[in-house]
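Structure below; questions to follow.
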Amino acid sequence: MGHRLNGRARWFRAWAAGFVLTAASLSCQGLSASNEYIEPPPAHGAFDYQLGGAYEPPAGTRTVVRDREARPAKGVYSVCYVNAFQAQPQELSWWRKQHDDLLLHDREGAEIVDQDWGEALLDISTSAKRSRLAVIIGEWIVPNAAPDGRALCRHRP
């Protein structure tokens, strides 16, 4: 059984989610690595951050942020969020098989888990681990992944 996160860890999780969303937003500005223009999100309009599951956006919504596993919302600018600091439960076996050393463990070797979400924390304790995680997670973020050129995620095959 993993450890329960305290208030400080929850604050970090909120900060991290904001950081990832900001990074995704900033990546929309300018040119992609292939020099293709990436349409930025609308400057004004309602924003819907769909944490915990996708649903039909409320009327007037212009930008929707959903988990990278969810389909982009139709008719609005769609951005995915990636869980860059935690392994989602449905992906935990993949992390264990492919990159167990990137899961955060306590001194006894048990995984550290956010009990509210059932997600194991990823280990960002060294520059090398952060670099490896950036490569893995960077593969999930792809400009122009959707036919309309507005989604920012690729699904794991």
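All values below were derived from every heavy atom in this structure, side-chain atoms included, with hydrogens, water molecules and symmetry-related copies excluded. Bear in mind that the values here come from a model prediction, so they are computed numbers and not experimental data.
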Once you round to the nearest 0.5 Å, how far does CD1 of Ile112 lie from CD of Glu119?
14.5 Å
I'd like to check Val76 versus Asp48 (side-chain heavy atoms, cut-off strictly below 4.5 Å). Are they in contact?
no
Return the set of residues passing side chain to side chain donor-acceptor pair (under 3.5 Å) with Arg130 (not counting sequence neighbours), or none when no residue passes.
none
Indicate if Trp94 and Leu122 have the same hydrophobic cluster label, given that clusters are the connected sets of ILVMFWY residues with side-chain heavy-atom separations under 4.5 angstrom.
yes
Cluster overlap Trp117 with Tyr49, hydrophobic side-chain contacts below 4.5 Å:
yes
Identified side chain to side chain contact (heavy atoms under 4.5 Å, CB included) partner of Val64 from the options Pro58, Pro41, Cys80, Pro57
Pro57
Would you say the side chain of Val79 lies within less than 4.5 Å of the side chain of Phe47, judging by non-hydrogen atoms?
no
Checking the side chain of Ser78 only, and the main-chain atoms of Ala73 only, is there a donor and an acceptor separated by less than 3.5 Å?
yes
Under the side-chain contact (heavy atoms from CB on, under 4.5 Å) rule, what do Phe85 and Asp114 come out as? Steps first, then yes or no, please.
CA-CA 11 Å; Phe85 298 96; Asp114 176 342; over 6 Å; no
Do Asp67 and Gln88 have side-chain heavy atoms sitting under 4.5 Å apart?
yes
Heavy-atom closest contact (Thr63 atom, Pro42 atom, distance)
OG1-CD, 3.3 Å
Atom pair CD (Gln50) and CD (Glu56), whose distance is rounded to the nearest 0.5 Å:
9.0 Å
Given the rule in the side-chain contact (heavy atoms from CB on, under 4.5 Å) test, do Glu91 and Asn83 qualify, once you have shown the distances and angles that lead to the verdict?
CA-CA 11 Å; Glu91 295 183 342; Asn83 217 340; over 6 Å; no
Measure the CD-CZ distance between Glu111 and Arg96 for me, rounded to the nearest 0.5 Å.
4.0 Å
Closest non-hydrogen atom pair between Ala70 and Ala54, with its separation
CB-CB, 4.0 Å
Tell me whether Leu51 is reachable from Val65 by hopping between hydrophobic residues (I, L, V, M, F, W, Y) whose side-chain heavy atoms are closer than 4.5 Å.
yes
Should Arg132 and Asp101 count as side-chain neighbours, where that means a heavy-atom distance under 4.5 Å?
yes
Working to the nearest 0.5 angstrom, can you tell me the gap between Ile124 CD1 and Ser131 OG?
12.0 Å
Would you say the side chain of His99 lies within less than 4.5 Å of the side chain of Leu133, judging by non-hydrogen atoms?
no
